Amino acid sequence: MALNIISNFAASVAHRNLTKTDMEVTGSLSKLSSGTRVLSAKDDAASLAIGSRLNAEVQAMKQASVNASQAVSMLQIADGAMAKTDDILVRMKSLSVQAGSGNLSSTERSLIDNEYQALLLEVDRIAQDTEFNGTALVNGSSTTSTARSSLSGSVVEAADGFASIAFNDSVGNAEFTVSFNATTNVLTINNLTSGQSEGVDIGATAITGNNTQTVNFSNLGATVVLNSAFDKTADLTIANTVSALSNGGDIDSVTVTGGSDLLFITDAAGTLTSGATTGAVLITFDVGTDSATGSFANTTGAQTMTIANGTNNVTVSLTLETAFTSDGAGGTITLDALNHAVQGAVSTSNTTTFSFKVGSGTSAQDDISVSVGAISVSSLGLTGTDVTDAANADSASGLITTAIDTLNTRRSQVGAAQNRMEFASANISVAIENMEASRSGLLDLDIASEMSRFTSKQILLQAGVAMLGQANRMPQNLLALLQ
């Protein structure tokens, strides 16, 4: 190659190699400082993708492990409540056996019953008060039903402005009606089973937009949520009558089918009834916004009438007994528009089911469902028991034995669930270890290997700097030819 001073090919080669070495040294430093082999997708795209998924799985499984541990703690609280309830039942068994002995008078049995009743209250208190993070554990569950019931078959209608009607677990199986007086602004709930009623002043301010108003009925254990469809300017009343029956005949049965919901049937006193009813009868319907009328013949026995109201047809079937007397001109039923009265029923269950997430996915295998049995007095079959006399004491003694067996069965189910959750937690720990190892093999840096590589590149970097300096000095040798 000719000697020249314009181009320095040796320096260019030395610079190119030095730049490459510097990039490799910088890469090694980055990996050594971060501890990972794959800094970006260009290092190893497949390993980065797999490692990222494994990392997400590991983090999810760690949370699942926490869930499993909390589930065990939750079940331990339930088991503790059941253990104390068992102690109470054992004491109640002793009291019932004591009260069943003939050497006691009614006075002594009354004193024993005082403790017995107090223990019943404590069983219920434990059932109500045992919670985990605000969630009741051993009180069973309740559901507000909107299906037709044997007495009235009503539905709760959202169109009337009732967003929801909920009842506490303590309410039990009961039926309710709701009415509103627009003059006094009082919303009233009637418990048709117990006869208890409670009214709350909800004010006259209309509910607008997406706003709601929550109304608490503390005495009845009910909560009503109203939305903007609720009209505070109109009464919600139960006032439609079957005028032809006002003369006082007997009705064997009344059924309604078709496009309308029968809300409830009452006699003249406003009492919910089924079967034979004496006196005037009120039949309340939801027939939309139009009024509707129909009539039936002036005869006894089964009769059917279809009432058309413009939007749907309602079939009313009546079976009249021989004692029925009409006004002599046949009967007329007038149904005015009524979208107001609502009714709900609460059904209770002796178990509460909890679902715990112990996996990272959404399939059924990622959840464990645990049913915790109720330990309330009613769920154990001890409602109404006492030891005020020998016969009642003996009856209570037998029921307590059954209750203890029931309690132990439910407690064993909790224990089995605890063991299952502990095994699930142990399995999660093993899975986390193995996934961590897999992720480490893909992404973690081999420090010893990378340090050896870094040392080698450092030497090359130093040599490159020295050789670039030598290459830059080579043109200076041509100055001797110019002298």
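Owing to the predicted nature of the structure, the values given are computational and were not obtained by experimental measurement.
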For the backbone of M61 and the side chain of S65, can you confirm whether one donor and one acceptor N or O come within less than 3.5 Å of each other? no
Show your working on side chain to side chain contact (heavy atoms under 4.5 Å, CB included) between M451 and L32 and close with a plain yes or no. CA-CA 8 Å; M451 195 63 199; L32 288 167; 3.9 Å; yes
Distance alone, cut at 3.5 Å: any donor-acceptor contact between the side chains of D124 and Q128? no
Just how far is it from atom CG of L407 to atom CG of D86, taken to the nearest 0.5 Å? 5.5 Å
After noting the C-alpha distance and the side-chain angles of S376 and S379, does the key distance pass the side-chain hydrogen bond (donor to acceptor under 3.5 Å, both in side chains) rule? CA-CA 5 Å; S376 61; S379 67; 3.1 Å; yes
State, yes or no, whether a side-chain contact exists between V138 and V372 at a heavy-atom distance under 4.5 Å. yes
Please check this pair: side chain of D201 against backbone of G203, looking for a donor-acceptor N/O pair closer than 3.5 Å. yes
Cationic N near anionic O, under 4.0 Å, R411 to D79: yes
Are a donor atom and an acceptor atom from the side chains of N133 and T135 found within less than 3.5 Å of each other? no
Kindly say whether V387 contributes a backbone atom to a donor-acceptor pair with the side chain of D113 at under 3.5 angstrom? yes
For the student: nearest non-hydrogen atoms of L445 and T36, plus distance: CB-C, 3.8 Å
Assess, by modelled atom type and distance only, whether the side chains of K93 and S397 contain a donor and an acceptor separated by less than 3.5 Å. yes
So, are E115 and R91 salt-bridged, with charged N and O less than 4.0 Å apart? yes
Smallest separation among heavy atoms of L442 and I50, with atom names: CD1-CG2, 3.3 Å
Do other residues, nucleotides or ligands put more than 12 heavy atoms under 6.0 Å from N210 CG? no
Name the residue from L380, T385, T383 that meets the side-chain contact (heavy atoms from CB on, under 4.5 Å) definition with L120. T385
Hey, could you give me the CE/CG distance between M82 and L137, rounded to the nearest 0.5 Å? 9.0 Å
What are the two closest heavy atoms between T205 and K232, and how far apart are they? O-NZ, 2.8 Å
With a 4.5 Å heavy-atom cut-off, do L95 and L119 have their side chains touching? yes
F454 and E24, any side-chain heavy atoms less than 4.5 Å apart: no
For a side chain to side chain contact (heavy atoms under 4.5 Å, CB included) check, start with the C-alpha distance between Q70 and F356, then their side-chain angles and the critical distance, and finish with the verdict. CA-CA 9 Å; Q70 291 179 344; F356 302 105; over 6 Å; no
Between the main-chain N or O of G51 and the side-chain N or O of N55, is there a donor-acceptor pair closer than 3.5 Å? no
Consider side-chain hydrogen bond (donor to acceptor under 3.5 Å, both in side chains). Of T352, T353, N350, which one does S371 pass it with? T353
Heavy-atom check, side chain of M74 versus side chain of V370, under 4.5 Å: no
Determine whether a donor-acceptor pair (N or O, by modelled atom type, separation under 3.5 Å) exists between the side chain of N211 and the backbone of T208. yes
Under the criterion side chain to side chain contact (heavy atoms under 4.5 Å, CB included), I'd like the reasoning laid out for S360 against Q63: C-alpha separation, chi angles, the key distance, then a yes or no. CA-CA 9 Å; S360 59; Q63 184 57 55; over 6 Å; no
Minimum heavy-atom distance R37-S47, with the two atoms named: NH2-OG, 3.3 Å
Quick check against the 3.5 Å criterion: does S96 have a side-chain atom that pairs as donor or acceptor with the backbone of A396? no
Rounded to the nearest 0.5 Å, what's the gap from CD on Q196 to CZ on F217? Could you check? 12.0 Å
Considering only heavy atoms from C-beta outward, does the side chain of S69 approach that of M421 to under 4.5 Å? no
Contact summary for G140 and A374, nearest pair of heavy atoms: N-CB, 3.4 Å
I'd like to know if K62 pairs up with E436 as an ion pair, taking the criterion as any Lys NZ or Arg NE/NH1/NH2 lying under 4.0 Å from an Asp or Glu carboxylate oxygen. yes
For A64 and G359 the tightest heavy-atom approach is CB-N, 3.9 Å
Polar contact flag, side-chain donor to acceptor under 3.5 angstrom, T409-T406: no
Could you give the distance from CD1 (I400) to OH (Y116), rounded to the nearest 0.5 Å? 4.0 Å
Taking the side chain as every heavy atom from C-beta outward, state whether D22 and L18 have any atom pair closer than 4.5 Å. no
Got N181 and T188 here, is their nearest side-chain heavy-atom distance under 4.5 Å? no
Could you tell me whether a side-chain N or O of E131 sits under 3.5 Å from a main-chain N or O of A136, the two making a donor and an acceptor? no
Intermediate values then yes/no, side chain to side chain contact (heavy atoms under 4.5 Å, CB included), L187 and F230: CA-CA 11 Å; L187 185 69; F230 185 85; 4.1 Å; yes
Rounded at 0.5 Å granularity, tell me how far CD1 in I126 sits from CG in D87. 9.0 Å
So, taking the atom named CG in D231 and the one named CZ in F180, what distance separates them when rounded to the nearest 0.5 Å? 8.5 Å
Begin with the C-alpha distance, continue with both residues' side-chain angles, and end with the deciding distance and a verdict on salt bridge (charged side-chain N to carboxylate O under 4.0 Å, His left out) for D366 and K357. CA-CA 6 Å; D366 292 302; K357 181 69 69 175; 5.7 Å; no
